[in-house]
Participant: 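Before anything else, here's the structure in question.
The sequence lines fix the lettering, A, B, ..., with proteins before strands; numbering per chain opens at 1.
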Amino acid sequence: SQQGEEDPQALSIQEGENATMNCSYKTSINNLQWYRQNSGRGLVHLILIRSNEREKHSGRLRVTLDTSKKSSSLLITASRAADTASYFCATGNTGGFKTIFGAGTRLFVKA
Amino acid sequence: KAGVTQTPRYLIKTRGQQVTLSCSPISGHRSVSWYQQTPGQGLQFLFEYFSETQRNKGNFPGRFSGRQFSNSRSEMNVSTLELGDSALYLCASSRGDGGAATGELFFGEGSRLTVL
């Protein structure tokens with residue numbers, strides 16, 4: 001079973017708009033990560049936020065983490081057509097030696 | 001620095017056969033994880049190896065096995081293939097020395113297996 005659940009499952013926006021994706025998880029975590037996957041390719045790491053952090057920025061990406069609600073959000077500002085991809089949240093659990101991925105959000109940015 | 005290399009990239013097998021997939025991690029990375037990705041089930045964790053030891057295993061039948069060599073390269077094997085084993089198999093490496101918690105994973109491009 002998967003730890004993270006992304007919402008929405010799919011998102012279609014215009015270039016220049018912001019895209020927000022949400023992730024909920026079930027058990028305690030050490031960190032939460034976001035990855036991007038272009039169609040049929042390997043995943044690329046975007047950002048990692050630790051359980052004692054609340055917000056993190058990286059370029060046009062902003063990630064928030066609310067451990068009390070067991071949820072995280074990824075905001076992509078000023079989206080571009082090249083941002084079209086699937087985005088996954090993944091949790092690093094304590095004592096598990098494994099990273100568990102959610103089902104992903106498919107983002108489509110129209111030029 | 002070379003990335004994670006997976007071979008073969010594509011392969012077609014028939015039911016009942018077996019397959020071996022290979023993964024070469026980034027130089028210096030000692031942890032290798034394997035995932036199965038299908039449209040219906042998403043990314044499912046198969047197993048993780050560190051310094052030739054399997055530290056965790058996902059909920060897959062015994063037909064799925066793996067190993068890691070002293071140079072950190074890893075292989076996974078699927079025996080008695082079933083149609084449902086058709087998937088993209090992804091390998092990821094990391095330093096793996098962060099204790100029980102996991103950090104950033106570096107993925108290969110995957111091996112796409114089709115079982116006929």
Participant: CZ of A/Arg80: more than 12 outside heavy atoms within 6.0 angstrom?
Facilitator: no
Participant: I need the A/Ile47 CD1 to A/Asn31 CG distance, nearest 0.5 Å.
Facilitator: 12.0 Å
Participant: Heavy atoms under 4.5 Å from chain A: which residues of residues 107-116 of chain B carry them?
Facilitator: B/Phe107, B/Gly108, B/Glu109, B/Arg112
Participant: Please confirm whether the ring centroid of B/Phe47 lies under 6.0 Å from the ring centroid of B/Phe64.
Facilitator: no
Participant: Between B/Gln68 and B/Glu52, which heavy-atom pair has the shortest distance, and what is it?
Facilitator: OE1-N, 2.9 Å
Participant: According to disulfide (SG to SG under 2.5 Å), does anything in residues 49-79 of chain A pair up with another residue at least two apart or in another chain? List the pairs.
Facilitator: none
Participant: State, yes or no, whether a side-chain contact exists between A/Tyr25 and A/Leu32 at a heavy-atom distance under 4.5 Å.
Facilitator: yes
Participant: Under a 4.5 Å side-chain heavy-atom rule over Ile, Leu, Val, Met, Phe, Trp and Tyr, are B/Leu90 and B/Phe60 clustered together?
Facilitator: no
Participant: Select all residues of residues 72-86 of chain B having any heavy atom within less than 4.5 Å of some heavy atom of chain A, and report them by number, or 'none'.
Facilitator: none
Participant: Do any of residues 8-24 of chain B have a heavy atom less than 4.5 Å from a heavy atom of chain A, and if so, which, in residue order?
Facilitator: none
Participant: Side chain, backbone, both or neither: which part of B/Gln6 has an atom under 4.5 Å from a heavy atom of chain A?
Facilitator: neither
Participant: Determine whether the aromatic ring centres of A/His45 and B/Phe106 lie less than 6.0 Å apart.
Facilitator: no
Participant: Can you measure from CH2 (A/Trp34) to SG (A/Cys23) and round to the nearest 0.5 angstrom?
Facilitator: 5.0 Å
Participant: Same hydrophobic cluster for B/Phe45 and A/Leu43, using side-chain heavy-atom links shorter than 4.5 Å among ILVMFWY?
Facilitator: yes
Participant: Between B/Tyr35 and chain A, which part of the residue has a heavy atom less than 4.5 Å away: side chain, backbone, both or neither?
Facilitator: side chain
Participant: Distance alone, cut at 3.5 Å: any donor-acceptor contact between the side chains of B/Glu104 and B/Ser94?
Facilitator: no
Participant: Would you say the side-chain atoms of B/Gln37 and A/Gln37 include a donor-acceptor pair closer than 3.5 Å?
Facilitator: yes
Participant: Does any donor atom in the side chain of A/Tyr35 or A/Gln33 lie under 3.5 Å from an acceptor atom in the other side chain?
Facilitator: yes
Participant: Using side chain to side chain donor-acceptor pair (under 3.5 Å) as the criterion, point out the one residue from A/Thr20, A/Asn22, A/Asp7, A/Thr64 that pairs with A/Ser73.
Facilitator: A/Thr64
